Amino acid sequence: MNKIAVIDYGMGNLHSVAKAVEHVGRELGEPVEVVVTPDADIIASADRVIFPGVGAIRDCMAEILRLNVNEIVEDAMKSKPVLAICVGMQALMKRSEENGGVDCLGFLEGEVRYFGDNLTGENGERLKVPHMGWNQVKQTRPHPLWKDVPDNSRFYFVHSYYVQTENQEMVTGVTHYGADIVATLAADNIFATQFHPEKSQQAGLTLLRNFLQWDGSVE
Amino acid sequence: MGLAKRIIPCLDCENGRVVKGVKFLDIRDAGDPVEISKRYCDAGADEITFLDITASHEGRETTVHTVEAIASQVFIPLTVGGGIRTLEDIRTMLNAGADKVAINTAAVTNPDFVREAAQRFGSQCIVVAVDAKQVSGEGEPLKWEIFTHGGRNATGIDALEWIKRMVEYGAGEILLTSMDRDGTKTGFDLALNRAVSRAVQVPIIASGGVGNLQHLVDGIIEGEADAVLAASIFHFQEFTIGEAKQFMAQQGIEVRL
């Protein structure tokens, strides 16, 4: 039994991700157990861990710290494949500009920045914020989670803040909105996405399927 | 390469069935919402919007089950609207699998509800649905007002001012319906859309009046909308979502094919 724990720290809709993973498990014909929980012991017993997140970073971080989710994530990162999604990915960074500046977990190198109020494209056209909808993701590094996902596939994004990192080695995918921005990051057994794979139809489901089969190595 | 403009089919549902009213009055049955959602998703819909027009309490239970059934089969964003009045209503719909909720009348009766909702659940899941009607006469500067209860009740609130305020309160997206055009198949109110799209930073979904594929193109290019919503042209299979996207792509609009 492939046991997937979705860390529940009270922030937003975890149903979508749980339902998508169950769906992918059924398609694989493999028994998959998905648990949505804040319980450290249950998460420690899982084979793979999903760290989601929506909403404002300050509230997310407050709940992460209150429920010791920081320790749970740190523990999972030592031993098993971890998929961080959207604000879950942002929370792994050092710091976010959102809510006047919030310290994040600092597990990955980088900061989270605001798109700005007057974002424009190459031709001077105004770009709305949040960056909401389907954008193409260019795969900048090979990774087991990209298996069978065509390069430049569209994924569903909804965010006003984005990750910036000096460590380009970690960047596995970029999308373009005003400039090239980080769409996915990978470091050892962690894969992180700014987009929502659980809402990205075929491309997203393929990525989730790869996650269910990933052993956490990059070769 | 960039962000695609979205096509959003809208399912107006009553007691678990998809219906579509003409100017919210004359109602035709168009089928099972779960089956239709799945068909739209497979055809390339970018999101699904589910608007519950059921009035009764028992009917609300049906709606929650329908949302659950859609969410377990459709892996694109799902917005649920109609009768969202409390934080508890939002939680119920998010737990059932909705990704966003559309708040309409409750925002007008209690604007702070939008602020509370955005603070609690995040702007990304709060869509404010606005029903606007032109109130300026011929020769006067264009002016639109907010209407509630399916376009029956005037509020006296200026639409542009209202939408700016809703965005300030945390609305992450605006679903903008022209009550003059809804159900008429004469195209979106492009002047209204353009005015709203220029007034705020968040994405605008144009709604009300689509009768053919050129109307979708006009909504994006002339109305400056970020997404276009349509119901009857898809429900009664006059056009498929795929045809709509092909047509938009031919007109130079970036879409997800």
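As the structure is a computational prediction, the values presented were derived from the model and not from experiment. Residue numbering restarts at 1 for every chain, and letters A, B, ... go by the order of the sequence lines.
- For B/Cys125, no part sits under 4.5 Å from any heavy atom of chain A, backbone or side chain.
- For chain A, the nearby parts of B/Asp46 are the backbone and the side chain; heavy atoms of each come within less than 4.5 Å.
- Both the backbone and the side chain of B/Ser72 come within less than 4.5 Å of a heavy atom in chain A.
- Looking at B/Ala227, there are no atoms closer than 4.5 Å to chain A (heavy atoms on both sides), in backbone or side chain.
- A distance-only check finds no donor-acceptor pair linking the side chain of A/Gln136 to the backbone of B/Leu3 [under 3.5 Å].
- Within 6.0 Å of CZ in B/Arg85 there are 12 or fewer heavy atoms belonging to other residues, nucleotides or ligands.
- Residue with the most contacts toward chain B among A/Arg126, A/Gln202, A/His131: A/Arg126 (heavy-atom pairs, distance under 4.5 Å).
- In this structure, SG in A/Cys86 is found 7.5 Å from CD in B/Gln124, a value given to the nearest 0.5 Å.
- Using a 4.5 Å cut-off between heavy atoms, B/Gln73 does not touch chain A at all.
- Among the candidates B/Arg91, B/Lys5, B/Lys100, the residue making the largest number of heavy-atom pairs closer than 4.5 Å to chain A is B/Lys100.
- Residue-environment remark: CD (A/Glu169) stays at or below the threshold of 12 foreign heavy atoms within 6.0 Å.
- The closest donor-acceptor contact from the side chain of A/Lys128 to the backbone of B/Val202 lies under 3.5 Å.
- Remark: side-chain polar atoms of B/Gln201 are paired, donor with acceptor, to backbone N or O of A/Asp117 under 3.5 angstrom.
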Worked check of side chain to side chain contact (heavy atoms under 4.5 Å, CB included) between B/Leu94 and A/His15: CA-CA 8 Å; B/Leu94 295 181; A/His15 261 248; over 6 Å; no

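- With respect to chain A, the highest number of heavy-atom pairs below 4.5 Å among B/Val74, B/Val200, B/Leu78 belongs to B/Val200.
- Looking at every heavy atom in both residues, A/Trp134 comes nearest to B/Pro77 through CZ2-CD, 4.2 Å.
- Of the two parts of B/Arg6, only the side chain, counted from C-beta on, holds a non-hydrogen atom closer than 4.5 Å to a non-hydrogen atom of chain A.
- More than 12 heavy atoms of other shown residues, nucleotides or ligands fall within 6.0 angstrom of atom NZ in A/Lys3.
- Scanning all heavy atoms of the two residues, the minimum distance from A/Lys199 to B/Ile76 falls at NZ-O, 3.1 Å.
- When the shell of 6.0 Å around CD of B/Glu222 is examined, it contains more than 12 heavy atoms from other residues, nucleotides or ligands.
- A 4.5 Å side-chain heavy-atom check between B/Pro203 and A/Pro130 finds at least one atom pair inside the cut-off.
- A donor-acceptor pair under 3.5 Å is absent between the side-chain atoms of A/His176 and the main chain of B/Gly2, judged by distance alone.
- The pair A/Arg154-B/Glu254 meets the salt-bridge criterion, with a side-chain N (NZ, NE, NH1 or NH2) lying under 4.0 Å from an Asp/Glu carboxylate O.
- Looking at A/His23 and B/Phe75, their side chains come closer than 4.5 Å, going by heavy atoms from C-beta outward.
- Chain B forms the most heavy-atom pairs under 4.5 Å with one residue out of A/Ala20, A/Ala56, A/Gly121, and that residue is A/Ala20.
- The neighbour count for A/Asn118 CG, taken as heavy atoms of other residues, nucleotides or ligands under 6.0 Å away, does not exceed 12.
- The heavy-atom pair separating B/Gly97 from A/Ser16 by the smallest distance is O-OG, 3.9 Å.
- Put simply, of A/Glu22, A/Lys19, A/His196, A/His159, the one with the most heavy-atom pairs under 4.5 Å next to chain B is A/Lys19.
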